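Letters A, B, ... mirror the listed sequences (proteins, then strands); counts begin at 1. For clarity, every value in this text was computed on a predicted model and none was experimentally measured.
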Protein chains: 2
Amino acid sequence: MHRTKSLEPFTRQFNSQKFMDMLELNDRGPNTTITVKPDSVDVLGPILANYKTAQEAGKILYITFTTIADYFWLLRAACECLGPLGQKALLYLAAAVSDFYIPSSELPTHKIQSSIGAPTISLQLVPKLLAPLVSVWVPQAFVVSFKLETDENLLIAKARDALNKYKHKLVIGNLLQTRRQKVVFVTPESSYEVSLSREQMINGIEIEDLIVCNVVLNHSNFIASFKY
Amino acid sequence: MHRTKSLEPFTRQFNSQKFMDMLELNDRGPNTTITVKPDSVDVLGPILANYKTAQEAGKILYITFTTIADYFWLLRAACECLGPLGQKALLYLAAAVSDFYIPSSELPTHKIQSSIGAPTISLQLVPKLLAPLVSVWVPQAFVVSFKLETDENLLIAKARDALNKYKHKLVIGNLLQTRRQKVVFVTPESSYEVSLSREQMINGIEIEDLIVCNVVLNHSNFIASFKY
């Protein structure tokens, strides 16, 4: 699930114009062909191969949302599908949902006229969906949430607060300023930093590679803990 | 000039995933090639040809902005470049800039904590850049602005107000609900509707085709009016 126009798996490095620039038109009337320029094949080839594999194996499903209401209903529907998987289900809740919103019942019907001056807007708190999700919708699943802060001093305390409140399994915390280099994994038992080494950065490894690896490990341990 | 992630010329019908789905990987080790599937060539071919022509002739320049401040400074810089063209310059100001904003000096440094409740936000009016643009930056140019409303009763009056206030040449008005079918051209002398016929819609003609055609016509008449 992703918000419309968010970066998406497989294509996040390319926008539409970049795609156009990679293409070559071989205009031969009815036998016109379009090919990817040879020097772009090196970059695009492996990504396209992974995309096709995922698509053909039915391993990826794109669901888009725009409003908070869309997100909530789609997430609940997804939980209904994933619930039967029990502990094997992993929910990776990375969507940066706003903390505040204006309920649709309070939105004006018509465009606000600027001639009457600028409005003052009273926002409302977005309901914390993590509470029913963890306790009712998928109580057995391995639920991972994210906590983004801008103030380093708050990060771990806020991540731990969330775990205590919602009783899920893992909070991945990051700071806006350093989010591409490091994150902190906070579990009910411990917290540890996951970060890219200088060498990994030079080699184009991204923080997401380490995050996914560590999440899978945590999930495997979680499943294993039920076996004995 | 366009806001980051807006639809763009030539690619607006395709998102990145659509591009991936059009591609075929012919994996032959070091001689791997990627081609566009034959049935997609029919759609993409003409668009790609137009794109290449525009690019190679240096007829298109993409400039992106994110904030209102970016937009303002870039627009002023663009006006400095276009000013010397006199009446031949046409400014088509279609960017739907917000009427209200929060000045960067009033933005908080850190993320607002939801634990202290939802904030009330006092917006401020975005300065109307059309005033200095028309009177100072490009006083000879053919300036076209847009007026989008949701209330049909306000549309023409508001378009005419804008013309009286800013003294430019053309306002293109549209309603959110019917914006893909019709617009109204409002000039200092007249107003007339430009809309797609049922037949044009069936044939895939878009309202933008008619708008551009009519704008060019108005601009040509404007230039001609100075010749005698």
Side-chain angles (χ1 to χ4, degrees), chain A residues 5-8 10-25 27 32-38 40-42 44-45 47-49 51-52 55 62 99-101 108-115 117-126 128 148-151 154 158 161 176, chain B residues 5-8 10-25 27 32-38 40-42 44-45 47-49 51-52 55 62 99-101 108-115 117-126 128 148-151 154 158 161 176:
Chain A
K5 295 195 179 179
S6 284
L7 297 179
E8 294 172 29
F10 303 109
T11 59
R12 67 200 172 88
Q13 299 161 52
F14 313 105
N15 57 29
S16 298
Q17 208 192 320
K18 229 172 175 174
F19 268 109
M20 294 291 264
D21 289 332
M22 289 195 283
L23 298 176
E24 215 158 39
L25 186 67
D27 198 346
T32 293
T33 59
I34 302 174
T35 51
V36 171
K37 293 175 186 165
S40 297
V41 170
D42 297 343
L44 188 58
I47 296 169
L48 185 60
Y51 174 73
K52 300 269 175 203
Q55 285 283 35
Y62 293 86
D99 284 332
F100 313 115
Y101 80 129
T109 311
H110 287 297
K111 200 177 158 188
I112 300 170
Q113 294 299 322
S114 62
S115 49
T120 291
I121 292 172
S122 291
L123 299 175
Q124 297 194 14
L125 285 172
V126 168
K128 297 289 180 191
L148 174 81
E149 292 292 335
T150 56
D151 183 350
L154 291 177
K158 298 228 26 159
D161 284 352
L176 190 65
Chain B
K5 296 195 179 179
S6 285
L7 296 179
E8 294 172 29
F10 304 108
T11 59
R12 65 199 172 89
Q13 298 161 52
F14 313 106
N15 58 28
S16 297
Q17 208 193 319
K18 228 170 175 174
F19 268 110
M20 293 292 263
D21 289 333
M22 289 195 284
L23 298 177
E24 213 157 41
L25 186 67
D27 198 346
T32 293
T33 59
I34 302 173
T35 51
V36 171
K37 293 174 187 167
S40 297
V41 170
D42 297 343
L44 189 58
I47 296 170
L48 186 61
Y51 174 73
K52 301 267 175 204
Q55 284 282 36
Y62 293 87
D99 283 331
F100 313 114
Y101 80 129
T109 312
H110 287 296
K111 199 178 159 188
I112 301 170
Q113 294 300 321
S114 62
S115 50
T120 292
I121 293 173
S122 291
L123 298 176
Q124 298 194 15
L125 284 171
V126 168
K128 297 288 182 193
L148 174 81
E149 292 293 334
T150 56
D151 183 350
L154 292 176
K158 297 228 28 158
D161 284 351
L176 190 65

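- Heavy atoms closer than 4.5 Å to chain A are found in the side chain of B:D99, but not in its backbone.
- Side-chain contact between A:T33 and B:T35 is absent, with no heavy atoms from C-beta onward closer than 4.5 Å.
- Distance check: A:K5 NZ to B:S6 OG gives 5.5 Å after rounding to the nearest 0.5 Å.
- Contacts of B:Y101 with chain A are absent, with no heavy-atom separation under 4.5 Å from either backbone or side chain.
- Contact of the B:L154 side chain with the A:Q113 side chain is registered, since non-hydrogen atoms from C-beta on lie closer than 4.5 Å.
- Most heavy-atom pairs under 4.5 Å with chain A: of the set B:S114, B:G117, B:A49, B:S122, this distinction falls to B:S114.
- The CG atom of A:L176 sits 10.5 Å away from the NE2 atom of B:H110 when rounded to the nearest 0.5 Å.
- Rounding to the nearest 0.5 angstrom, the gap separating the OG1 atom in A:T11 from the CD atom in B:Q17 is 7.0 Å.
- Your options are B:D161, B:L148, B:V126, and the one with the most heavy-atom pairs under 4.5 Å with chain A is B:L148.
- Between B:I34 atom CD1 and A:L23 atom CG the span is 9.5 Å, to the nearest 0.5 Å.
- Proximity to chain B (any heavy atom under 4.5 Å) is shown, for A:K18, by neither the backbone nor the side chain.
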Task: Worked check of side chain to side chain contact (heavy atoms under 4.5 Å, CB included) between B:F100 and A:I112 - done: CA-CA 10 Å; B:F100 313 114; A:I112 300 170; 3.9 Å; yes
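- Neither the backbone nor the side chain of B:D42 has a heavy atom closer than 4.5 Å to any heavy atom of chain A.
- In terms of non-hydrogen atom pairs under 4.5 Å with chain B, the most contact-rich of A:K158, A:E8, A:R12 is A:K158.
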TODO: Start with the C-alpha gap between A:M20 and B:Q55, add the side-chain angles, then the distance that decides, and say whether side chain to side chain contact (heavy atoms under 4.5 Å, CB included) holds.
DONE: CA-CA 11 Å; A:M20 294 291 264; B:Q55 284 282 36; over 6 Å; no
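- Contact of A:N15 with chain B is made through the backbone alone, with heavy-atom distances under 4.5 Å.
- Of the atoms belonging to B:S40, not a single heavy atom falls under 4.5 Å from chain A.
- Interatomic distance, B:T120 OG1 to A:I121 CD1, rounded to the nearest 0.5 Å: 9.5 Å.
- Ranked by heavy-atom pairs under 4.5 Å with chain B, the list A:S115, A:P38, A:G45, A:A118 is led by A:A118.
- With a 4.5 Å cut-off on non-hydrogen atoms, A:K52 touches chain B through its side chain but not through its backbone.
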